[in-house]
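All ligand and atom numbering here is 1-based and tracks the order in the structure.
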Amino acid sequence: MRTVVTGAAGFLGSHLCDYLLDRGHTVIGLDNFLTGSMKNIEHLNDNDSFQLIKHDVTEYIDIEGPVDAVLHFASPASPVDYLEYPIQTLKVGALGTHKALGLAKEKGGRFLLASSSEVYGDPLVHPQKEDYWGNVNPIGPRGVYDEAKRYAEAMAFAYRRAHIVDAKVARIFNTYGPRMRSGDGRVVPNFIMQALTGKPLTVYGDGMQTRSFCYVGDLVEGIFRLLMSDVDEPVNIGNPYEMTIIDFARKILDLTRSSSDIIFEDLPVDDPKVRQPDIGRARRFLDWEPRVSLEDGLKAAIEFFKSTIR
Ligand code: UDP
């Protein structure tokens, strides 16, 4: 297959490129390097099956030759990033999704949207099933990402109905692993870097909010299965193992053998109080569930972050 990945130099995009190349795909990666990094893909420099094009996917995407699949992963993805780049976040979810879908339509390829658990907002239903419509504040600071992803889903389904594009929607829950940017502001890089450098771990709010963390290797496997499937509904891809942020902080201290303190800071506006994917659909239709334990995944992530400070 000849596959286009937008956001190829990002955390998820780069792992996805590796996965597809391992399975014999020819991969064309697009990135404008707003939050992506060349470092994430430099190991692919000499790979003849990989081509990188520096391009902002909110502009028309022009690819020569056949394309069998388009995976749209371009977007700032951490709350800190989308607060810094609110307009770019809205544009890549809206205009970028439109261009990526247009490419899939033009080439007759399948399409997969990297959507997000953020479409559920601060959820009133727990755990979150795909048929839950969500609880999103459209004008809050997170609204730029949440609404961009909701619009992107609407666009994907419009192309499904109007243009018969085989568009899939993956709702990705918190994912972690090597190649996360150490300064991206998310809880995994923050806590690990703080623990490794002897700084206090910054727990926001009282730390009783919950998240469920999926290892990146499991995630890309789920994405690929969804891409190749006949499923025509959104599918949650994430790890249902839920924990409070305060327990997560303790876990990081334990695994890094750090003696850092834990301090409490203000909870960001509209920070979801709970989050856990119901992955019944992925289990049923994709025969997929996460395999990597939190401990093993975090050990790999910790090794990666250690290597960035050496
Ligand atoms: N969080 C925290 N300390 C940090 C960074 C994040 O307590 O240094 C909390 C944040 O408020 C949220 C959770 O950890 O409740 C996960 O945050 P993240 O930014 O990773 O992504 P989110 O799940 O909110 O999209």
Side-chain angles (χ1 to χ4, degrees), residues 10-12 35 73 75-86 89 93 114-123 126-128 134-137 140-150 170-216 219 236-253 256 258 260-277 294 297-298 301-302 304-305:
F11 163 50
L12 294 184
T35 56
F73 276 67
S75 177
S78 98
V80 170
D81 283 346
Y82 48 76
L83 291 187
E84 189 173 352
Y85 304 113
T89 301
S115 184
S116 169
S117 54
E118 283 286 324
V119 301
Y120 302 122
D122 188 3
H126 192 65
Q128 292 76 55
N135 176 41
V136 170
N137 173 6
R142 298 175 86 103
V144 296
Y145 185 71
D146 302 11
E147 296 296 1
K149 292 297 186 188
R150 291 169 68 94
R171 293 191 180 143
I172 298 171
F173 284 64
N174 295 65
T175 303
Y176 70 96
R179 298 189 199 153
M180 288 188 101
R181 226 172 66 234
S182 57
D184 92 353
R186 281 186 278 195
V187 70
V188 175
N190 272 14
F191 283 2
I192 294 178
M193 290 301 286
Q194 289 160 346
L196 291 177
T197 56
K199 299 198 180 101
L201 272 60
T202 52
V203 169
Y204 300 159
D206 60 7
M208 294 312 287
Q209 70 272 34
T210 67
R211 293 295 185 273
S212 313
F213 298 98
C214 185
Y215 187 67
V216 64
L219 194 281
N236 290 337
I237 306 282
N239 192 321
Y241 181 68
E242 182 186 14
M243 65 196 306
T244 61
I245 292 300
I246 186 79
D247 281 345
F248 187 64
R250 292 187 189 116
K251 184 98 200 155
I252 298 293
L253 289 180
T256 53
S258 168
S260 286
D261 292 331
I262 293 177
I263 58 169
F264 294 88
E265 296 188 351
D266 288 346
L267 192 66
V269 176
D270 295 336
D271 197 281
K273 286 181 260 319
V274 290
R275 183 180 288 158
Q276 184 199 36
L294 184 66
L298 284 177
I302 289 165
F304 167 76
F305 285 113

For ligand 1, run through the N/O pairs with the protein that fall under 3.5 Å and put one pair on each line.
from, atom 1, to, atom 2, distance (Å)
ligand 1, 3 (N), T202, O, 2.5
ligand 1, 7 (O), Y204, N, 2.7
ligand 1, 8 (O), N190, ND2, 2.8
ligand 1, 8 (O), T202, O, 3.2
ligand 1, 8 (O), T202, OG1, 2.9
ligand 1, 8 (O), Y204, OH, 3.4
ligand 1, 11 (O), D271, OD2, 2.6
ligand 1, 15 (O), Q209, NE2, 3.0
ligand 1, 15 (O), R211, NH2, 3.3
ligand 1, 15 (O), D271, OD1, 2.7
ligand 1, 15 (O), D271, OD2, 3.3
ligand 1, 20 (O), V187, N, 2.9
ligand 1, 23 (O), N174, ND2, 2.8
ligand 1, 23 (O), R211, NE, 2.6
ligand 1, 23 (O), R275, NH1, 2.8
ligand 1, 24 (O), R142, NH2, 3.0
ligand 1, 24 (O), R211, NH2, 3.1
ligand 1, 25 (O), R142, NH2, 3.0

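Looking at every heavy atom in both residues, Y82 comes nearest to V144 through O-CG2, 3.7 Å. Counting all heavy atoms, side chain and backbone alike, I192 lies closest to A301 at CD1-CB, 4.0 Å.
The closest side-chain heavy-atom distance from Q276 to T210 is not below 4.5 Å. The shortest distance between side-chain heavy atoms of R171 and S115 falls below 4.5 Å.
In this structure, Y120 and F173 have tilted ring planes: the angle between them lies in the 30° to 60° band.
Counting non-hydrogen atoms of neighbouring residues, nucleotides and ligands closer than 6.0 angstrom, the OH atom of Y241 reaches no more than 12 such neighbours.
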